[in-house]
Colleague: 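Can you read through this structure? Questions will come right after.
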Amino acid sequence: MSNQPSTSDETIRRSSGPGQATVQTTTAGASAAVAFEAEWEAACDSALRGMDLTATPDLLLVFVDSRYTGNYAEIIARLKEQTGARHLIGASGQSVIGSSLEAEEGSAIAILGLSLPGAELTPIAVDPQSMPDDLFSPIEDGPSIWLLFSNPFTIMTDQLVSHLQKLRPEIVLLGGMASSHRQQQGCAVFIDDRVLMGGAAMMGLQGVSVRPVVAQGAEPLGQPWIVTECEANTVKSLGSRPALEVLQETLSELDDATRERAVRNLLVGLAMDEYKESHERGDFLIRNVMGADREQGTVAINAIPRVGQTFQFQFRDAQAADDDLRTRLSDLRDALAPEEEVLGALLCSCNGRGRGLFGEPDHDAGALNEIFGPVPTAGFFCNGEIGPVGGENYLHGFTASIAVLTASHPEQQASS
């Protein structure tokens, strides 16, 4: 296995065919690669050739296209053995993400190796069928930063996130729900040398600086309303008016072009903080509209609303998603200390984003690269994204949830 020298300004190339791998490394202890191959063995070998393994990774993040279903165990075993990684975590995806690249076409594997001297890493495998009382004791007593990947078909991820938030109010959770080209079949998460076809995988990070970014892809419509009657996932009334009537009125007040876009991409937003004086883009948990009942005047959504909750109709919008992502990434870049260097990034993007939303490839990964410069990156397209907003963690939809890992640059630190 050949190791490539680590360079912080290496040019990234888009890989579009078998036998090629994109690679990006930094001198700070991170190396990433994406490999496109029809066969899993060739994909592993190609990705490994693209990695700089001069320093053995303490943590390996691995994201595997679900077309490789049936070979997950072999893939995880080979990558962990060949890299010598102390720990491993990852998930399956409809598509995977690398440095400045979103591999939406063709089978691919994305990996990010992190050398983290002095860091403490704590793995947890969450089996919904067998959860001992002390399973989450490391949450209360250990790291406050956790990567979390779940299988949405086997565990209620929103409830898991809420439970962990209550156990440790200051906890930071970053990750997403695994996805597959065949829905539940092939949906998996990975932890160390294990492939879990159900449950969740968690990795605690202590002694590592992680900066979270959560950017949404929805634009509010009309005005916020208060839920005045609901049952299960059905909103019956908003502001004491039939919910469907409010929706129809909201759409009728739009110009023709906006109405056409909104009808095709209709969403709802549930306010994360109901006590804010005003609610804007980014203040809502975004959820799908599942249907409407004309006779009853109700609207069904894929969430459980509650009476008194602030509610606003939204629509999926590429420009809003682009603006929000670039603003939040730019704000983070400007907030970094002079001696703080970006080490690498985990990018979890909703499977409703990508080329289907933006009309072009590599949008989220490209924005990360444009704003921070070349950053070793790995991630995947999720069924839902996990990340903190306003000091609390949520399961999001239509977002990009990003964990930006940073390290102090010794020379700059010494001269400051």
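This one's a predicted model, so the numbers in the text were calculated from it and none came from an experiment.
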Colleague: Rounded to the nearest 0.5 Å, how far apart are CZ of Arg182 and OG1 of Thr69?
Modeller: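 Going from the CZ atom of Arg182 to the OG1 atom of Thr69 covers 5.0 Å.
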Colleague: Quick check on Glu231: does its CD atom have over 12 non-hydrogen neighbours (other residues, nucleotides or ligands) under 6.0 Å away?
Modeller: no
Colleague: For Ser107 and Arg67, which heavy atoms make the closest approach, and how far apart are they?
Modeller: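 Looking at all heavy atoms of both residues, the closest pair is OG-CD, 3.0 Å.
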Colleague: Would you check if the side chain of Asp58 reaches a backbone N or O of Leu116 as a donor-acceptor pair within less than 3.5 Å?
Modeller: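 Yes, the answer is positive, given that a donor and an acceptor are paired below the 3.5 Å cut-off.
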Colleague: Just how far is it from atom CH2 of Trp225 to atom OG1 of Thr310, taken to the nearest 0.5 Å?
Modeller: 12.5 Å
Colleague: Quick check for you: to the nearest 0.5 Å, what is the distance between Leu332 atom CG and Ile402 atom CD1?
Modeller: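 Between atom CG of Leu332 and atom CD1 of Ile402 there are 9.0 Å.
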Colleague: Quick check: closest heavy atoms across Pro57 and Gly113, and the distance to 0.1 Å?
Modeller: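 Answer, listing the atom of Pro57 first, then Gly113: CB-CA, 4.1 Å.
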Colleague: Taking all atoms of both residues into account, what is the closest heavy-atom pair of Ser99 and Val375, and its distance?
Modeller: OG-O, 3.3 Å
Colleague: Would you indicate whether the side-chain heavy atoms of Leu247 and Leu266 approach each other to under 4.5 Å?
Modeller: yes
Colleague: How close do Val34 and Ala108 get, counting heavy atoms only, and between which atoms?
Modeller: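 Taking Val34 first and Ala108 second, the nearest heavy atoms are CG1-CB, 4.2 Å.
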Colleague: Provide the closest heavy-atom pair for Leu148 versus Ala200 in the form atom of the first, atom of the second, distance.
Modeller: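 Answer, listing the atom of Leu148 first, then Ala200: CD1-CB, 4.0 Å.
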Colleague: Look at Arg264 together with Glu260 and state whether they make a salt bridge at an N to O cut-off of under 4.0 Å.
Modeller: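 Result for this pair is yes, salt bridge flagged.
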Colleague: Hey, mind stepping through Arg211 and Glu340 against salt bridge (charged side-chain N to carboxylate O under 4.0 Å, His left out) and telling me if it holds?
Modeller: CA-CA 11 Å; Arg211 301 275 200 144; Glu340 199 171 2; 2.9 Å; yes
Colleague: Would you compute the distance between atom CD1 of Ile124 and atom CD1 of Ile191 and round it to the nearest 0.5 angstrom?
Modeller: 8.5 Å
Colleague: Within the 4.5 Å heavy-atom criterion, are Tyr394 and Val161 side-chain neighbours or not?
Modeller: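 No, every pair of side-chain atoms sits at 4.5 Å or beyond.
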Colleague: Any side-chain donor-acceptor pair under 3.5 Å between Gln165 and Asn393?
Modeller: yes
Colleague: Tell me, do Asn265 and Asp317 make a side-chain contact under 4.5 Å, heavy atoms counted?
Modeller: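 They are not in contact (no side-chain heavy atoms under 4.5 Å apart), so the answer is no.
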Colleague: Going by an N to O cut-off under 4.0 Å, is there a salt bridge joining Arg78 and Glu41?
Modeller: no
Colleague: So, Asp364 versus Ser349: side-chain donor-acceptor pair below 3.5 Å or not?
Modeller: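 The answer is yes; a qualifying pair exists.
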Colleague: Do Asp324 side-chain atoms and Gln216 backbone N/O form a donor-acceptor pair below 3.5 Å?
Modeller: yes
Colleague: Closer than 3.5 angstrom, by distance alone: can the side chain of Thr399 be matched with the main-chain N or O of Val214 as a donor-acceptor pair?
Modeller: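 No, the answer is negative, given that no donor and acceptor are paired below the 3.5 Å cut-off.
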Colleague: Parallel, tilted or perpendicular, judged at 30° and 60°: which one describes the rings of Phe63 and Phe380?
Modeller: parallel
Colleague: Using side-chain heavy atoms (C-beta onward) and a distance below 4.5 Å, is Val268 in contact with Phe313?
Modeller: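 In contact.
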Colleague: How far does OG of Ser95 sit from NE2 of His181, to the nearest 0.5 angstrom?
Modeller: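 Between atom OG of Ser95 and atom NE2 of His181 there are 5.0 Å.
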Colleague: Evaluate Arg259 against Asp256 for salt bridge (charged side-chain N to carboxylate O under 4.0 Å, His left out), listing each step before the verdict.
Modeller: CA-CA 5 Å; Arg259 185 186 309 112; Asp256 292 344; 2.9 Å; yes
Colleague: Using 4.0 Å as the upper bound for N to carboxylate O, is an ion pair formed by Glu102 and Arg353?
Modeller: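 Answer for the salt bridge query: no.
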Colleague: Below 4.5 Å, heavy atoms only, C-beta onward: do Phe190 and Val64 meet side chain to side chain?
Modeller: yes
Colleague: Strictly distance-based, threshold 3.5 Å: is any side-chain N or O of Thr154 a donor or acceptor partner for the main-chain N or O of Gly199?
Modeller: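 Yes; judged by distance alone, with no hydrogens or angles, the pair exists.
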Colleague: If you look at every heavy atom in Ile301 and Met290, which pair is closest and at what distance?
Modeller: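 Scanning both residues, the minimum pair turns out to be C-CG, 3.4 Å.
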Colleague: A side-chain contact here means heavy atoms from C-beta on lying under 4.5 Å apart; do Val404 and Val210 qualify?
Modeller: no
Colleague: Would you check if the side chain of His396 reaches a backbone N or O of Ile386 as a donor-acceptor pair within less than 3.5 Å?
Modeller: no
Colleague: May I ask you to decide if Val246's main-chain N or O and Thr250's side chain share a donor-acceptor pair within less than 3.5 Å?
Modeller: yes
Colleague: Ignoring hydrogens and geometry, is there a side-chain-to-backbone donor-acceptor pair from Asn151 to Met197 under 3.5 Å?
Modeller: yes
Colleague: Any sub-3.5 Å donor-acceptor pair from Ser162's side-chain atoms to Gln159's backbone N or O?
Modeller: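 No: the side chain of Ser162 does not pair with the backbone of Gln159.
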Colleague: Glu104 side chain to Arg355 main-chain N or O, any donor-acceptor pair under 3.5 Å?
Modeller: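 Between the backbone of Arg355 and the side chain of Glu104 there is a qualifying donor-acceptor contact (under 3.5 Å).
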Colleague: When you check the side-chain N and O atoms of Ser180 and Ser92, is any donor under 3.5 Å from an acceptor?
Modeller: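 Their side chains do not contain a donor-acceptor pair, so the 3.5 Å distance test is not met.
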Colleague: Okay, side chain of Ser401, backbone of Cys348: is any donor-acceptor separation there less than 3.5 Å?
Modeller: no
Colleague: Ignoring hydrogens and angles, state whether a donor on the side chain of Asn233 or Asn302 is under 3.5 Å from an acceptor on the partner side chain.
Modeller: no
Colleague: CE/Met177 to CG/Asn351 distance, rounded to the nearest 0.5 angstrom?
Modeller: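 So the gap between those two atoms works out to 9.0 Å.
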Colleague: Side chains of Pro220 and Gln314: does their closest heavy-atom pair fall under 4.5 Å?
Modeller: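 Pro220 vs Gln314: side chains touch.
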